Protein chains: 2
Amino acid sequence: MRIVISMGSRRRSGTGVEAATDGKGEARTALLRLGAWLEERGLKHSRQRDVIVETFYGMGGHVPVDGLVARVRALDARVSVATVYRTMKLLAECGIAVPRRFDDGQTRYEPSTGRSHHDHLICTGCGRIVEFENERIEELQIRVARSHGFEVESHKLELYGRCDRCRRAEPGARDPRP
Amino acid sequence: MRIVISMGSRRRSGTGVEAATDGKGEARTALLRLGAWLEERGLKHSRQRDVIVETFYGMGGHVPVDGLVARVRALDARVSVATVYRTMKLLAECGIAVPRRFDDGQTRYEPSTGRSHHDHLICTGCGRIVEFENERIEELQIRVARSHGFEVESHKLELYGRCDRCRRAEPGARDPRP
DNA sequence: CCCATACTGATAACGATTCTCATTATCCTA
DNA sequence: TAGGATAATGAGAATCGTTATCAGTATGGG
């Protein structure tokens, strides 16, 4: 399955104050948070990490590592694959990025600063990924788990299907004439 | 993460008539279905496929391919890895087995004859896998998808957490004395 | 029994990710 | 501001699960 990167709709706050989200501001926030996190544990920061974080936030959405590598290398050809993998892992650890593994076997990362938990709708036609939240489902999950003696730590909910666009463009649409 | 194979509870019919499910009867059903399916499309059947199906049903639960390979080879050392992979794919195609990919990167198969749809609870402590069904959650999924213009074809819901056993055995349990 | 053709086994290849290790960069201290 | 401890890097080898290749084998209809 080919998966295409796209954000669902960006949530905008009602105030309009902190709504500027072209990636730049978020990248800055992320870099600050990363800096603090590194310092706390005696780690160093580096040019590569900065480039990677900025590129990552510039891409937005659900970024596959190889795509990120390509973009980063357009800016600095010497950055190695290993470093990108290492850095993304780091970002995940410090809470700046969330790793996702859909059904195509590669890890994607999504920026997480200021974003709340959500699940995904994935179009099996065009690969579009849409995010959604549903409080009721979350509650039911917790309840079901509890009824089996489990305490939920995390979950994965992915809905695979065809988006409206793809369904419209599909054979089987009842249009007798070509 | 290590994942341990185990079925949730087997559903037994109220009649008690078709309740014999030690794997043998199911294996037979599966073999019959496979036979018919192969014949329909001019494919041939083979000793290897029989061995694999029987072993697979003998194991029950969520069977990782490498585990299946090991067991099959205990019966017939010449069966190759490739054949096991090929056969499991075949079984999936003809509806005898369902492939599952949890978060540890390997494909597991579960027997599907006479079993209905369900999702999974996975213990992050001991790897135990428990199955559950929840009609309400399914409904909500369909509704949420529809509200985003999607028509659901399939979904994946996995709840990760700690089972009661593991929680009991855990540090943090408030038992002041050892 | 024969033959077309599907199936098999062994192994190479694959894609995503991680590891290794020699080299380089960072940053704390004097 | 130089020195040094040590974290980070790059390049490529290694790993893991899985699939492809291809020559040899087995199946089953005629």
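Keep in mind that the numbers below use all heavy atoms, side chains included, and drop hydrogens, waters and symmetry copies. Here the structure is a predicted model, which means the values were calculated and not measured. Below, chain A is the first sequence line, B the second, and so on; all start at residue 1.
Here C/dT8 presents its C1' atom at 10 Å from CZ of B/Arg49, a figure rounded to the nearest Å. Residue B/Gln48 contributes atom CD, which lies 13 Å from atom C1' of D/dG24 at whole-angstrom precision. Rounded to an integer number of Å, the gap from OH of A/Tyr109 to P of C/dT17 is 8 Å. Nucleotide D/dT27 holds its C1' atom 12 Å from the CG atom of B/Asp50, rounded to whole Å. The interatomic distance linking B/Leu38 (CG) with D/dA26 (C1') rounds to 14 Å, in whole Å. Taking atom CG on A/Asp103 and atom P on D/dG17, their separation rounds to 18 Å, with Å as the unit. With rounding to whole Å, A/Lys44 atom NZ is found 6 Å from D/dA7 atom P. Put simply, CZ on B/Arg47 is 7 Å from P on D/dT27, counting in whole angstrom units.
Relative ring orientation between B/Phe132 and A/His148 is described as tilted, the plane-to-plane angle lying within the 30° to 60° band.
The residues B/Asp164 and B/Arg128 are annotated as salt-bridged, a charged nitrogen and a carboxylate oxygen being separated by less than 4.0 angstrom. In this structure, A/Arg115 pairs ionically with A/Glu110, as a charged nitrogen and a carboxylate oxygen lie closer than 4.0 Å.
Of the residues in residues 78-94 of chain A, those with a non-hydrogen atom less than 4.0 angstrom from any atom of DNA chain D are A/Arg78, A/Val79, A/Ser80, A/Ala82, A/Thr83, A/Arg86.
Between the side chains of A/His45 and A/Glu39, not a single donor N or O lies within less than 3.5 Å of an accepting N or O. A donor-acceptor contact closer than 3.5 angstrom links the side chains of B/Glu153 and A/Thr124. Between the side chains of A/His155 and A/Gln141, at least one donor N or O sits under 3.5 Å from an acceptor N or O.
Where B/Asp66 and B/Ser46 each meet DNA chain D at their nearest nucleotide, the meeting point lying more 5' is that of B/Asp66. Of the residues near DNA chain D, B/Leu43 and B/Val65, the one whose nearest nucleotide (by heavy atom distance) lies more toward the 5' end is B/Val65.
The side chain of B/Thr107 contributes an N or O atom lying less than 4.0 Å from OP1 or OP2 of D/dT18. Contact check, B/His45 against D/dA26: no side-chain N or O comes under 4.0 Å of OP1 or OP2.
Seen from the ring of A/Trp37, A/Arg41 counts as a face-on cation partner, given the 6.0 Å and 45° thresholds.
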